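In what follows, a structure is listed as structure tokens, so that the remarks can point back to it.
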Amino acid sequence: MAIAVIMPRQGNTVESCIITKWNKQVGDPVAVGDILFSYETDKASFEEEAKNAGTMLAIFAQEGDDVPCLQNVCVIGNEGESFAEFAPDGAAEAPAAEAPKAESEAPAEEKAEIAETPVMVDGLKISPRAKALAERFGADLSFVVPTGPDGRVIARDVQALLDAGKVVSPAARGAYAGGIEGSGMGGRVMLEDLNRKAETAAAPAPAAAASPEEDTYTEPMTNMRKVIARSMLTSLSTIPQLTHTIAFDATQIQAARKLFKEKGEAMGMQKININDMVMYAVARTLAMPEHRALNANLIDDGKTMKYFRHVNLGMACDTERGLMVPTIMGAEKMSLKELSDAAKKLAKDCKEGKINPDLLKGASFTVSNVGSFGIENFTPVINPPQTGILGVCGIQTRIKEVVGGEIKTYPAMTLCLTYDHRALDGTPASKFLVALKNNLENFTLLLANG
């Protein structure tokens, strides 16, 4: 029995996914566990394994197609089995001759033909039956030759298009204007055919000789980069942002890091790093009632404050695909080791492109650490609808005091707090930074207080 494979829903907020690669083609044998295709959301990549064995009977979407979640993507079954009932719109990747033959609406002795060049014009007359058949199987009506009364397109004419392979893929139909020879199976017009035509039309005439200054090239932005760009534009164009900075003495957290590295292996704490300790202190500080305006979201176009009862800490994570911000839920309730383990697991999943999209939302506050690059100061951009984000910089040696002509230094670490001035003013923002500074400079007491 033929079984349809659907596009999985990776998280409650994901509505569609893009197919990046097909590992099986129509007619290929399929075993349980075989990778059928790869796909991605705007944040992560996944592979779909076969749950049933058989033969790939039909494919309903091509590489590059944006497919709604839970929609049928392909069909696996026994050779010769029917699969038309599984097609989202009846346009499966299979020889068009497999489409059901329509009953003729004109005398049987007349033979339907197709045009060698596009002939479709506005106001095309088409019978309801022919229209339904064309829509179901994606017939390319730009090549139709009407044989019905008064130049009307009838079902037989559409069937002639299907028999000749004049078919348009589901992904290409919305932007297809007609008249393209397709590169798909049987001449099917694919989305890449439209893109290729658009690139050819937009390409400038080649220059006689390009100068070094003209030696450039362009690439389309990735889906993820587009999402980041929209988010940054929204943030900077809609939020009145202000940044305060403060430096703290990192002596205690450096000492703690050294202790964990040298003697923490027995307790599984040898991998706890400076950023883990900063996030631990941030979570504990945000949990204080007086700082609730920073542990919040500003919603309803700036009319409503949504306060969080727990600290859902966003953690900016750099990946090859771009910036991701997974969320550590209930961070203020975690021990330092629990928080460290959670952060490393999320970072690993992000870098491997396997992060659950549901873990990329719901943060009440974000921490962005660029200290490993030696950055001394920067202005982090708020991730709306959050009301604040903390930038963490590298450790610098600074002069603490001069005693008896002797210069005493200390390891200084700068924190940069960007906050939404609609949600809070400069004084409460500054008080948060002072409280965080105190917790980090007295990290041993903070750990003891749990």
Side-chain angles (χ1 to χ4, degrees), residues 232 236 241-264 269-286 288 291 294 313-319 323-325 328 331 336 339-340 343-344 347 351 365-383 386 388-419 426-447:
M232 294 299 99
L236 291 172
Q241 306 186 31
L242 190 64
T243 302
H244 290 191
T245 63
I246 197 170
F248 72 93
D249 186 338
T251 299
Q252 282 208 14
I253 62 172
Q254 282 189 318
R257 171 69 185 102
K258 182 180 180 181
L259 177 65
F260 297 146
K261 186 175 181 179
E262 293 178 351
K263 300 183 179 181
M269 301 180 70
Q270 73 277 14
K271 292 184 179 181
I272 292 176
N273 57 37
I274 296 292
N275 193 53
D276 296 332
M277 289 184 271
V278 171
M279 290 195 296
Y280 179 87
V282 168
R284 292 303 195 278
T285 307
L286 283 173
M288 299 177 182
H291 305 308
L294 283 168
L313 197 61
M315 177 186 68
C317 181
D318 180 52
T319 74
L323 180 68
M324 294 188 185
V325 187
I328 304 173
L336 177 58
L339 190 149
S340 176
K344 288 174 176 56
K351 292 181 184 299
F365 187 86
T366 295
V367 173
S368 178
N369 191 332
V370 294
S372 61
F373 301 104
I375 303 300
E376 297 181 23
N377 198 299
F378 75 112
T379 303
V381 178
I382 293 174
N383 197 7
Q386 297 169 34
I389 180 172
L390 183 75
V392 182
C393 301
I395 296 177
Q396 306 291 325
T397 300
R398 294 186 183 178
I399 297 175
K400 185 173 186 178
E401 59 184 350
V402 179
V403 180
E406 181 182 354
I407 297 176
K408 295 185 178 296
T409 62
Y410 74 104
M413 196 168 188
T414 300
L415 304 174
C416 308
L417 173 70
T418 298
Y419 61 95
T427 296
S430 298
K431 287 182 177 179
F432 168 78
L433 277 178
V434 171
L436 179 58
K437 168 187 167 84
N438 182 66
N439 281 333
L440 286 165
E441 289 184 336
N442 297 280
F443 193 74
T444 304
L445 292 177
L446 183 66
L447 281 177

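It should be emphasised that the depicted structure is a prediction, and the values quoted were computed from it without experimental measurement.
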Could you tell me whether the side chain of Val370 reaches within less than 4.5 Å of the side chain of Val392, counting heavy atoms only? no

Beyond-backbone contact of Phe260 with Gln270, side-chain heavy atoms, under 4.5 angstrom: no

Would you say the side chain of Leu390 lies within less than 4.5 Å of the side chain of Leu436, judging by non-hydrogen atoms? yes

Would you check if Ile389 and Val381 make a side-chain contact, meaning some heavy-atom pair closer than 4.5 Å? no

Asp318/Lys351 salt bridge by N-O under 4.0 Å criterion: no

Min side-chain heavy-atom separation Ile399-Tyr410 under 4.5 Å: no

Using a 4.5 Å cut-off on heavy atoms from C-beta on, say whether the side chain of Thr243 contacts that of Leu417. no

Set of residues satisfying ring pair (Phe, Tyr, Trp, His ring centres under 6.0 Å) with respect to Tyr419, sequence neighbours excluded: His244, His421

Do Asn273 and Lys344 come close enough that some side-chain heavy atom pair is under 4.5 Å? yes

When you check the side-chain N and O atoms of Glu376 and Thr414, is any donor under 3.5 Å from an acceptor? no

How close do Gln396 and Gly374 get, counting heavy atoms only, and between which atoms? NE2-O, 4.0 Å

In terms of side-chain geometry, is the basic nitrogen of Lys400 or Asp249 positioned less than 4.0 Å from the acidic oxygen of its partner? yes

What's the spacing between Cys416 SG and Asn377 CG if we round to 0.5 Å? 4.0 Å

What pair of heavy atoms forms the shortest contact from Asp276 to Ile272, and how long is it? OD2-CA, 3.5 Å

Just by distance, do the side chain of Gln252 and the backbone of Thr444 share a donor-acceptor pair under 3.5 Å? yes

Checking the side chain of Lys437 only, and the main-chain atoms of Ala247 only, is there a donor and an acceptor separated by less than 3.5 Å? yes

How long is the gap from CG on Leu313 to CD1 on Ile328, to the nearest 0.5 Å? 5.5 Å

Side-chain donor-acceptor pair under 3.5 Å between Thr285 and Asn439, yes or no? yes

Can you name the one residue among Leu336, Val367, Ile274 that meets side chain to side chain contact (heavy atoms under 4.5 Å, CB included) with Met279? Val367

